[in-house]
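Every chain is numbered from 1, with letters handed out A, B, ... down the list of sequences.
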Amino acid sequence: MSSITVQPDSPSVRDALSRIRNFCIIAHVDHGKSTLADRLLELTGTVSKRDMQEQLLDSMELEREKGVTIKASAVRMIYQAKDGNQYELNLIDTPGHVDFAYEVSRALNACEGALLVVDASQGIEAQTLANLYLALEAGLHIIPVINKIDLPHARPDEVAQEIGNLLGDDPQHMLRISAKEGIGIEAVLERIIQEVPSPKGDSEAPLQALIFDSHYDSYKGVIAYVRIMNGVVGLKTKLRMAATGAITEPVEIGVFTPRMTPTGHLSAGEVGYIATGLKSVRECRVGDTMLDAARPAEPLKGYKPAKPMVFASIFPTHAEDYPLLRDALEKLQLNDASLTFEPENSSALGFGFRVGFLGLFHMEIVQERLEREYNLDVVITAPSVEYEAVLTNGEVIKVDRPADMPDPSRLREMREPWMKIEIFTPAEYIGPIMELVTKRRGISESMEYLDAHRVVLKYAMPLAELIVDFYDRLKSISKGYASLDYQFDSYRPGDLVKLDILINGDPLDSMAMITHRDEAQRRGAVLCKKIKDAIPRQLFEVPIQAAIGGKIIARETKPALRKDVLAKCYGGDVTRKRKLLEKQKEGKKRMKMFGTVEIPQEAFMAMLRLED
Amino acid sequence: MNTGVYLHIPFCSARCTYCDFNTYVGLEALFAPYVRALLAEIAQYDGFPAQTLFFGGGTPSLLSPEQIGALIEAARSAFQLPPEAEITLECNPGTVNLGYLRALRACGVNRLSFGAQSAIPAELSLLGRDHNWHTVVQAVQNAREAGFEHVNLDLIFGLPHQSLCDWEHTLHAVLRLEPDHLSLYALTLEPGTPLHQQVRRGQLPSPDPDLTADMYEMAEALLGEAGFEHYEISNWCRPGKACQHNLIYWRNEPYVGLGAGAHGFDLRRRYWRVRHPAEYVARVERGQTTEAGDEPISEPLARGETMMLGLRLLQEGVSQDRFRARFGAPIEAFFAAELAEGTRRGLIEVTEQCVRLTPRGRFVSNQVMQWFIPDVAAVA
């Protein structure tokens, strides 16, 4: 694989820049982003068809299964264009999920153009639009690509019109392709060459390298994915991370072809990687700027550390796996700066961790990776958001678990995070969606028709309502057609209370929750019922109560165990009877004493796993 | 300390839907060789004293009086059974007539146990019993006429669809027969039985444990009023009519088990014999051992089993004297924590004479008994 990268300071730098195109692909899940990327790699000879592992860019097994991209990556392709010149095309992949909106915005900043891939039968979806706006904000040139035109339900003209309405582009001019069938791929490459601006940047200026992604490598440390905005970086350049202050010297510098291929240097306008030798992605954060420690420039604008929005506790199903869980979380964190965790101890579930996630999707991915890659059996408590408690003395504290909620006597006000949400849906589902959102305390802000059939609904809604299977419900009431995007809006005051669950009068910490007062009764009743079904009968009647403060708002009663006897023992088979009792006794050992109530671990798991 | 002899007769004319005992249908051709094998095995115990003999099954009443007579004679001689020794035979009420019962009585059987199960036709058919209630009435009358002074009836309760009212009906019907002894078992759905399958598939409702407990309490009340002593968790008797053979089990005393799948205990180990009657016969004929396995019983295990079994005796309980005599120290010395916990929870009662279940502990006895069983790890 040849490279047209030229030596820094060579007279042909300007010329070299004109032969570079940095672009990304914006698409909704399943609209064909990965397939298109594969075709581009094939057509440019970057990867031979034979070597093509399906959806090569999505390197994690999990990504392939979920059909979404979790971590961005960047591949360099060399393309012999029809104008006779050879171009370096850098395809920067972006995460496809709203939880990673910040990562998306950083990746977009590394590009000059974006392919907007839209399914010819589906039209634009909420997430696509959100990313499109981010791309426009980042000043990217947008090339609409209507994909899957080969499908029987394709309506490319309508979709082109829809995009035209959004972007003001001429629908006739839009590319119509089938990535799967390989139709129109070359036209996409030509369009990129013609329309995406070549990168600007000054190789003479002090170094500014935007970190738009990273991964951890046990030999080379953190590998930062960078776009060199200005300056050059070589193996001798002493690097400083602007935000974290970490200082290091590159271990390796290169480009993805798509394998990591060392080049020894990168200069303004180029995209590639720098192996930093740093031991944690927390020292080398996405969005931060790498500077030349000897000649530091101003950091690039727009850096903000990723902030967890959703919190849940993770416990190992088997207590002895606690150290393994800690190791696994530490390893995940090496690659995932947005993952936060701290030890937690629950009277019911033992030792575990309170973990912060960017969103529900992020949480799901972490759970699956723990289970699949680390072979751990874990249980996750109901997710919670981070509340703000305003104390009577004016102090504001963050509360992400019910146990930390201050006593009402010290509390002036509770605030909760509200989100702006956008729902794209065929018009026939407007009614049920409005009903769903209203039930979740959503406030309608606007409704716009994209075309005759499709509508964008905008709401403000508490995040806490969003994280309790809102997305699943939305999908279910819209037969899968509605799509959702959300972003943080503000903290707003709310009538929030701590809902305690008492078993035989003792609070069960892992089931406590912070909830809106209007919802407390319903949720309390549901929880009590759930617990009643999950716990075994005791030798006495056990009340299960939901309470706010001292006030009981819901109750169930688990009746006492009345029958537990051995059957007739035939022919003097005492051994069998004894073994039955031994088994029963073994089972009891795995139970936790809750006051005087014995609850097996499995019952706790069952309570937590059941959906509301 | 007494010793019992248990003879297992693993044959039935039909399989009951709830039964997972070691029994076989259609092996009539094996009756004679099986009896010969039993006789041969009994002979090996020559000079081994025992006090009770129990024919269990299966359906021992499928054997002829001559076969039973031969077995009793051999057992009397080998085990030196005392003349007044309790000799029980389990009967299917449908397979016995007056002549048969007279012949049994004549050859030395002095206690009969009938599998009556229920007085409700629908319940009998659910259980796969081939008799009707009239057969039971007739069988008990015949037993009396044949001279039996010890007649037990087995009943099963807690059946799918059974109401408290149905159960009351059965209890009254049974009391009218004036039995000497009653065994009342709560139905246990054993995996592999047709009844278990039907419940699992939802073709029958799962028995309600609360209703079953109500039935148990009803039986305690009704039988108590009728003058029965509730002497064991599942057993009631008229004064002086307790089953001597079963008392040996509950006192954790030794017993010889003979026949296919029979279990025996000699205080130091428990053993069991090959389950299939054909295999049993073949082994005896070849002069091989019929034991299929055994388990040594350590002192801690013996103490645990003594508690587990003795707690079944509701009046006698685990006798302090017997325990001390056997293990060299009082119960308290080994089970102080368990006794304290059980007393605190009102599940057991500790007296100078014994440790026993309280009325509250009776129908949840597993919860108590398991405390006394050593941990599996500790034994292994």
Item to check | Toward chain A, the part of B:Ile248 with a non-hydrogen atom under 4.5 Å | outcome: neither
Checklist entry - Measuring heavy-atom distances to chain A, does B:Glu90 have an atom under 4.5 Å in its side chain, in its backbone, in both, or in neither? => result side chain
Item to check | Contact origin within A:Leu580 toward chain B - heavy atom pairs under 4.5 Å | outcome: neither
Checklist outcome for this item: B:Val364 and A:Val565 have their tightest heavy-atom pair at N-CG1, 4.4 Å
Checklist entry - Around atom CD of A:Glu435, are there more than 12 heavy atoms of other residues, nucleotides or ligands at under 6.0 Å? => result no
Item to check | Proximity breakdown for B:Leu187 and chain A, heavy-atom pairs closer than 4.5 Å | outcome: backbone
Checklist entry - Got a salt bridge between B:Asp214 and A:Lys563, using NZ or NE/NH1/NH2 to carboxylate O under 4.0 Å? => result no
Checklist entry - Looking at residues at least two apart in the chain, or sitting in another chain, which of them share a ring-ring contact (aromatic ring centres under 6.0 Å, His included) with B:Tyr271? => result none
Checklist entry - Contact part of B:Arg312 toward chain A, heavy-atom cut-off under 4.5 Å: side chain, backbone, both or neither? => result side chain
Next on the checklist: Quick check on B:Gln367 against chain A: is it the side chain, the backbone, both or neither that has a heavy atom closer than 4.5 Å?
Outcome noted: both
Next on the checklist: Closer than 3.5 angstrom, by distance alone: can the side chain of A:Lys585 be matched with the main-chain N or O of B:Ile373 as a donor-acceptor pair?
Outcome noted: yes
Checklist entry - Considering only heavy atoms from C-beta outward, does the side chain of A:Thr575 approach that of B:Trp272 to under 4.5 Å? => result yes
Checklist entry - Taking atom CH2 of B:Trp371 and atom CG of A:Leu581, what is their separation to the nearest 0.5 Å? => result 12.5 Å
Checklist entry - Atom CZ of B:Arg360 and atom CG of A:Leu539: how far apart are they, to the nearest 0.5 Å? => result 6.5 Å
Next on the checklist: Checking the side chain of B:Tyr255 only, and the main-chain atoms of A:Gly572 only, is there a donor and an acceptor separated by less than 3.5 Å?
Outcome noted: yes
Checklist entry - Given a strict heavy-atom distance threshold of 4.5 Å, which part of A:Lys583 is in contact with chain B: side chain, backbone, both, or neither? => result neither
Checklist entry - Once you round to the nearest 0.5 Å, how far does CD of B:Gln370 lie from CG of A:Asp564? => result 7.0 Å
Checklist entry - Going through the distances and angles, do B:Glu305 and A:Lys577 end up as a salt bridge (Lys or Arg N to Asp or Glu O under 4.0 Å)? => result CA-CA 10 Å; B:Glu305 290 185 344; A:Lys577 303 286 152 190; over 6 Å; no
Next on the checklist: Counting neighbours of OH on A:Tyr374 that are heavy atoms of other residues, nucleotides or ligands and sit closer than 6.0 Å, is the number greater than 12?
Outcome noted: yes
Item to check | Test log, rule side-chain contact (heavy atoms from CB on, under 4.5 Å), inputs B:Met308 and A:Val574 | outcome: CA-CA 10 Å; B:Met308 165 182 114; A:Val574 170; 3.6 Å; yes
Checklist outcome for this item: Bottom line for B:Leu347: the part with an atom under 4.5 Å from chain A's heavy atoms is side chain
Item to check | Test: B:Asp208 and A:Arg562 ion pair at under 4.0 Å | outcome: no
Next on the checklist: Could you report the tightest heavy-atom contact between B:Asp210 and A:Ala560, atom names first, then the distance?
Outcome noted: OD1-O, 4.4 Å
